[in-house]
Amino acid sequence: MVGQQALTELAKRRGFFFGANEAYGGTAGFYTFGPEGAALKRNVESAWRERFTLRLGNEEIEAPTVMPEPVFEASGHLDGFDDMLIECAECGESHRADHLIEDAVADIEDAEALGVDRVEELIREHDLACPTCGAALSGEPVEDFNLMFETSIGPGSGQPGYLRPETAQGIFVEFPRLKEYARGQLPFGVTQIGPAYRNEISPRRGIIRVREFTQAELEQFIDPEEDEPPLEDVADVEVTLYPASEQNADDGDYIQTTIGEAIDEEIIGSPWVAYFLGVAQGWYERVGVDMDRFRFRQHLAGERAHYAADCWDAESEVGGNWIEIAGFAYRGDYDLRKHGEHSEDRFTVFKRYDEPKTVERATVNPDMSALGPEFGGAAGDVADALQELAESDPDAFDSNEVTVDVDGESYTIDTDVANFSVEEQTENGEHITPHVVEPSFGVGRTVYTLLDHAYSEDTVDDETRTYLSLAPEIAPTDVAVFPLVGDDDLVTTADDVADELRAAGLSVSYDDSGSIGRRYRRQDEIGTPFCVTVDHEGLEGDSEPTVTLRERDSASQLRISVADLAAELEAVLAGDGTFADLQDRYERVDTDVTTA
RNA sequence: GUGCCGGUGGUCUAGUGGUAGGACCUGAGCCUUCCAAGCUCAUGGCCCGGGUUCAAAUCCCGGCCGGCACACCA
């Protein structure tokens with residue numbers, strides 16, 4: 001196991017990531033990905049896109065990071081994302097004011113909804129004390145802290161906006177158009193990879209908890225009554241589960257099972273969530289997460305977000321701690337329903353019935369030439385109220401007069417004027433609000449996990465060697481090319497080989513400095529899976545030139561002709577064969593190197 | 001946000017009220033035909049601001065950044 005300190009040091013020194021704006025003292029919670037880190041992150045994103053967008057037949061979008069205030073009124077982030085903090089004057093501890101009240105006052109369960117002033121009052125009335133030191137908190141100010149970054153759109157006072165706290169909202173808000181694009185057919189999925197922002201009170205633990213981070217999210221829109229995931233694709237996938245029941249039990253333990261069994265035994269409630277856990281398991285394994293340090297943990301009841309009906313996290317163990325690297329939430333119809341209520345657009349899809357239905361519907365057709373002169377500006381509202389009444393209580397129209405309330409005023413109308421009737425109508429279907437299943441991945445945390453799990457040390461010729469055993473698919477550099485020594489003919493050939501490999505689309509690093517061993521170590525430390533060395537032996541005689549090809553983890557080499565090199569490397573990097581396969585087909589080089 | 005500890009070349013680190021030394025790295029050269037070798041030379045540093053002092057990188061205060069603990073993490 002590697003400590004956070006050693007990994008952070010390597011990350012800084014080798015250009016994976018480092019604190020941003022250090023020239024100006026640094027900014028807590030913001031990191032820059034250096035050349036190696038940016039390449040690694042890009043490769044992780046590509047692998048995610050390949051699996052969760054392309055392979056699943058979904059579509060990817062790119063929405064703005066700044067969104068106007070009403071979006072977050074609808075999503076609940078403006079209220080639900082607030083923390084009410086109160087600070088003890090005696091010991092300086094900060095506490096959640098709303099939690100204090102919920103604990104102390106029996107009949108208040110959601111103190112957050114009460115507002116700052118009322119919460120301050122309640123603390124006075126109940127004479128609440130600091131849980132840490134016991135000093136009275138009465139009279140201390142309660143501060144609202146919203147975790148969203150606020151900004152202002154346009155000049156002057158502008159309109160208030162926020163940096164999105166999750167990429168998901170960019171997908172939900174555009175649902176009306178995305179639905180059109182999907183031709184109104186459920187199920188369909190939309191993905192987005194991009195930055196999200198949370199103004200954390202206290203960023204911690206390096207890159208693990210930051211204020212700007214990259215999310216890769218899939219919003220799967222489904223008809224909850226009809227759509228089922230292709231569970232047969234993942235039924236046999238083995239997973240390590242840590243359900244809420246086990247977390248609560250004294251002797252709770254992990255459950256090793258398959259996705260199929262977990263559904264049969266109702267450990268995972270939602271088949272869709274289970275499906276995505278299965279897909280994710282395979283993906284994490286592929287990009288290089290150590291599956292012995294990986295688990296799916298179910299959220300405890302009190303832990304769930306305001307939108308989530310059931311939620312599982314993917315967690316990895318890094319530096320001895322478990323961190324969340326993805327969340328799988330069944331969000332129900334919460335998001336689309338809310339945006340539908342708050343905006344002018346329709347966040348529904350039309351679901352056709354198998355057979356058209358004939359229904360009796362009570363309607364009114366009010367004589368507006370009578371209502372208008374009588375009620376003036378209220379006439380339109382009265383007409384609407386009559387229609388509502390017709391639907392909810394048609395019997396009200398049996399008598400001669402009917403009364404409706406509009407804004408607290410009562411209006412009484414002759415029933416004749418309302419033109420009440422019951423008509424038979426044909427309904428071909430209904431508008432339903434889709435449910436949403438959301439796999440949401442933290443890209444930065446995944447990158448950190450991969451570095452942690454790839455970090456290795458061994459001994460080569462009695463010297464300690466540090467190397468990153470990254471999956472070839474996601475390693476920042478595919479291959480490094482060296483001339484064994486600085487002779488002109490070796491340098492020229494090595495240059496040509498590097499150029500040829502670049503032309504084949506590989507990410508190539510060229511290095512002719514210092515001793516060959518030093519150059520191998522450099523590449524080991526950034527996880528480059530292969531090194532190609534041009535030596536005199538390979539250029540001797542009239543036969544085709546050859547080079548040595550070295551594999552990172554074993555440090556073993558084989559001799560291969562330059563003509564075959566690009567194609568063989570491409571195949572291995574694409575996961576089509578391994579270095580061991582090449583060893584069977586090409587001459588091994590005895591290097592006298594011993595690894596232990 | 002609170003408490004404790006810390007901040008010296010790219011990285012790691014020694015050190016003192018009189019402006020700094022090492023190791024590794026990096027660059028140039030010599031040597032070198034496969035794993036951080038050796039030799040020569042070179043580049044490069046006291047987090048920021050204020051105070052005390054003849055003099056502050058050193059002491060004091062504040063800020064910023066980092067680590068740990070608490071709180072927080074929808």
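Quick note on labels: first sequence line is chain A, next is B, and so on, each numbered from 1.
Pair assignment for B:G62: B:C48, on the basis of Watson-Crick or G-U wobble contacts that are both within less than 3.5 Å. Nucleotide B:C39 forms a pair with B:G29, judged by Watson-Crick or G-U wobble geometry with both contacts under 3.5 Å. For B:U2, the paired base is B:A69 (Watson-Crick or G-U wobble, both distances below 3.5 Å). Of all nucleotides present, none satisfies the Watson-Crick or G-U wobble test against B:U16 with each distance under 3.5 Å.
Aromatic ring orientation, A:F328 versus A:F296: perpendicular (interplanar angle above 60°, classes split at 30° and 60°).
Interface remark: the A:Y24 side chain does not form any donor-acceptor pair with the B:C48 base, using a distance-only criterion of under 3.5 Å. You won't find any donor-acceptor pair under 3.5 Å spanning the side chain of A:R198 and the base of B:C73, going by distance alone. The base of B:C72 is not paired with the side chain of A:S202 by any donor and acceptor separated by under 3.5 Å.
Remark: the A:T167 side chain and the A:Q192 side chain contain no N/O donor-acceptor pair separated by less than 3.5 Å.
Across B:C72, B:C25, B:C34, the shortest atom-to-atom separation from the side chain of A:R518 is found for B:C25. Considering only the side chain of A:E463, B:A36 comes nearest among B:A36, B:C65, B:C35. When each of B:G1, B:G27, B:C73 is scored by its nearest atom to the side-chain atoms of A:R209, the top-ranked nucleotide is B:C73. When distances are taken from the side chain of A:V485 to each of B:U32, B:G1, B:C35, the shortest belongs to B:U32. Of the listed nucleotides (B:C35, B:G1, B:C65), B:C65 has the atom at the smallest distance from the side chain of A:A28. Of the candidate nucleotides B:G27, B:C73, B:U11, B:C73 has the atom nearest to the side chain of A:E200. If you check B:A71, B:U26, B:U11 against the side chain of A:E9, the one that comes closest is B:U11. In the set B:A37, B:C73, B:G66, B:A37 carries the atom at the smallest distance from any side-chain atom of A:S515. Comparing B:U33, B:G67, B:C35 by their closest approach to the side chain of A:H536 singles out B:U33. Nearest to the side chain of A:R521, among B:A71, B:C35, B:G66, sits B:C35.
Distances shown here put a side-chain N or O of A:R522 below 4.0 Å from the OP1 or OP2 atom of B:U26. Within the structure, a side-chain polar atom (N or O) of A:Q4 is placed less than 4.0 Å from OP1 or OP2 of B:C68.
Counting only distance, with no hydrogens or angles, the side chain of A:H453 and the backbone of A:E317 share a donor-acceptor pair below 3.5 Å. A donor-acceptor pair under 3.5 Å is absent between the side-chain atoms of A:T27 and the main chain of A:F30, judged by distance alone. A distance-only check finds a donor-acceptor pair linking the side chain of A:R164 to the backbone of A:P195 [under 3.5 Å].
One C1' atom belongs to B:G3, the other to B:G10, and the distance between them is 33 Å to the nearest Å. Nucleotides B:G1 and B:G9 have their C1' atoms positioned 35 Å apart, rounded to a whole Å.
Each of A:E324 and A:Y520 was assigned the nucleotide of RNA chain B with the nearest heavy atom; the assignment lying further toward the 5' end belongs to A:Y520. A residue-by-residue look at A:F213 and A:T27 shows that A:T27 has its nearest nucleotide of RNA chain B further toward the 5' end.
Using a 4.5 Å heavy-atom threshold, the side chains of A:E212 and A:F149 count as separate.
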